[in-house]
Number of protein chains: 2
Amino acid sequence: MTRQDTSGRRTTIYDLARLVDASPSAVSAVLNGTWEKRRISRKLADRVLEAADTQGYARNIQASLLRRETSHIVGMIIPKYDNRYFGAIAEQFEARARERGLFPVITCTQRDPDLELAAARELIAYRADCLVSTGATNPDRVTELCAAAGIRTVNLDLPGSDAPSVISDNEAAARDLTNLILDRGRDELGWNGPLLFVGGRASDHNTGARLRGFLEAHHARGLAVPDENVVTCGYAAAKAEQALGNLASLTSPAIFVNSTITLEGVVRWLDKQDKQYRFGCFDWDPFAALLKENVGMVQQDVDAMLDETFEVIESDDRGASVKRIACRLNVLNAGISD
Amino acid sequence: MTRQDTSGRRTTIYDLARLVDASPSAVSAVLNGTWEKRRISRKLADRVLEAADTQGYARNIQASLLRRETSHIVGMIIPKYDNRYFGAIAEQFEARARERGLFPVITCTQRDPDLELAAARELIAYRADCLVSTGATNPDRVTELCAAAGIRTVNLDLPGSDAPSVISDNEAAARDLTNLILDRGRDELGWNGPLLFVGGRASDHNTGARLRGFLEAHHARGLAVPDENVVTCGYAAAKAEQALGNLASLTSPAIFVNSTITLEGVVRWLDKQDKQYRFGCFDWDPFAALLKENVGMVQQDVDAMLDETFEVIESDDRGASVKRIACRLNVLNAGISD
DNA sequence: ACAACTTGCTTCATCGGTTGTGCAATCGTG
DNA sequence: CACGATTGCACAACCGATGAAGCAAGTTGT
């Protein structure tokens, strides 16, 4: 590979055309694979390809996309990369996009509604073919922006009302997790009372669905859940630690934790108490799974969610359908007691 | 916001020009902020801006970039998103790029050398202004590709020999961590012997540097480290679990673990043994920090690394300089004994 | 009243590919 | 050998935004 001679300027199809003594359009056809259809001889094609190789030619996508109708760019906005769930979503999204010959662009919006819209606008400017908005605080606003630009959107993790959504079946999984914690609390601590629910915001769709599952499981056992047992103090670890500190006493030694972020604060606080406890968590983390007091973690099925997401993208579904994906409940530390 | 009427086609400056009865270049000047310099009246500017707003105009970046010299795109290739370290790097990179008005594009390459090169080629095609290659298996090959296209590169986390690199001071941090584990092993287990080193590949630059620090700390205490105490079995958790299983016996109850991924396997294996043990880990994870046997974790200074990275990008440094960033050693569970 | 500026625009070429259309040369057929 | 068909390519019009150059109308100075 020799560096190009015309220093500064990058090699273009016009340079290659001059080199192999052909027209730019022939070069273009060879380089984008349409040369057989356009009846370019194999001889010329070979010459072009060799010249492109030795010159280190790289197609100017800007120019290419400007002329073509579709960009093959698929955008994703995602709140954070800092936990396994969103990390896995980002990775799987990329892998699936690449498999399909698409160019994935992922933007992390820090749970900031303004950043979400700015990111969406930017992806529109890049003429993305579609946009997946993951855990967006205001998915409908994003959909509105995109619709105006003719870009289809899919809501992932958090549903919207103007575009198809793919979400976990939070309610069912929360019901199962609640039952597991109740059973293990009874068997391992002799505690039959209602659980404590910690983390999330009550206004948040997913927290709402999980809370419903949590309450259903209690009702099915004839257990009432007092209001003070539901501590929706936000997701942040510090908030949870503080909120627990504000409780007069630990009303329940068995706890339903709404996310791994929250769990960090919960465990820090519990460790300072001098009581036995058990918890389960709605989210998966391999190290959290190693904690002895952890009876189970809900693992959302990221593979299935992204398969479904791309299926929706490739379908004509433009309505506000909601696909609910079942979660996996990992039962932990069974048969261990202290 | 009314959806555009000319269904299908997106609004262009030509549409706006017709609407406000002006020329496309005037509209362009208004929309890219150069209108005062180009002596467009405020009256016309306001009319253009209003039309752009009601039409939901979004500039076609492809066309814009094609004409301009610089893309303001900064690329990053990164191996994985699935641990806190790389997750934090991706987030911080995005935040800093945005602060500077740049457009970050991050690509996850799954530690696959071919994918790395493909991703670099793609970013070259998008005319990125620069490329940060993080933890690349072959950073010099990426640099070579980029250099041919006139794109500058910076190596992050893993150094290369053809472009500036920003890396952690692995050797010093490994020395400190080794000393901590040796001290705590002595105090808490009464073990004075050499530690076990688990994880990583010996050919890997960072593992090499950490191994050096590990050995220096031992030498300083007059301790010899037998070859079988160094288990560089790769990073994967399953590999580590298997490699430990192959040891005739646990030669040392105090262990230096080379990464959190490896640690998952190590802890799974140790839990099945019926022995007391202690470990320290070169990497940070909040839940791993809660494990009682963990005496300390090295936390790489992602903030400082990315500050330095952008400083290098903005400087004229094109040589193969290497900036080493000090790590933080988090001492854990001190004063607890079982 | 006329030259010299200033103001506020418009015109047009350009960035690098893509693609419909056209045309000369070669081939096949009766 | 004449005629249509096929092969192999070149031409030129785009895609949408940008900015240098230019130009008409209004303003200022003498």
Peer 1: Can you identify which nucleotide, out of C:dT14, C:dT19, D:dA10, has its nearest atom closest to the A:R67 side chain?
Peer 2: C:dT19

Peer 1: Counting side-chain heavy atoms from C-beta on, which of C:dT10, D:dA10, D:dA17 comes nearest to B:A26?
Peer 2: C:dT10

Peer 1: Using a 4.0 Å heavy-atom cut-off across all strands, classify B:A22 as base, sugar-phosphate, or nothing.
Peer 2: sugar-phosphate

Peer 1: Let me know the distance between CG of B:D21 and P of C:dG8, rounded to the nearest Å.
Peer 2: 17 Å

Peer 1: Assess the side chains of B:T34 and B:N32: does a donor N or O sit below 3.5 Å from an acceptor N or O?
Peer 2: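 B:N32 and B:T34 do have a side-chain donor-acceptor pair below 3.5 Å.
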
Peer 1: Do A:Y85 and A:Q300 get their side chains close enough for a donor-acceptor pair, meaning under 3.5 Å?
Peer 2: yes

Peer 1: If you go through the side-chain atoms of A:S41, does one of them form a donor-acceptor pair with the base of D:dT7 closer than 3.5 Å?
Peer 2: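 Checked by distance alone, the answer is no.
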
Peer 1: Where the side chain of A:D162 meets the backbone of A:T143, is there a donor-acceptor pair that is under 3.5 Å apart?
Peer 2: no

Peer 1: Have a look at A:S64 and say if it touches a base, only the backbone sugar-phosphate, or nothing, with a 4.0 Å heavy-atom cut-off.
Peer 2: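 If one applies the 4.0 Å heavy-atom cut-off, A:S64 turns out to touch the sugar-phosphate alone, with no base involved.
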
Peer 1: Select one nucleotide: of D:dG16, C:dT10, C:dT19, the one nearest the side-chain heavy atoms of A:S28.
Peer 2: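 That would be C:dT19.
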
Peer 1: At under 4.0 Å between heavy atoms, what does A:R38 touch on the DNA or RNA strands: base, sugar-phosphate, or nothing?
Peer 2: base

Peer 1: Counting only distance, no hydrogens or angles, is the base of D:dG19 paired donor-acceptor with the side chain of B:R68 under 3.5 Å?
Peer 2: no

Peer 1: Any donor-acceptor pair, under 3.5 Å, between the side chain of A:S25 and the base of D:dC11, if you only look at N and O atoms?
Peer 2: yes

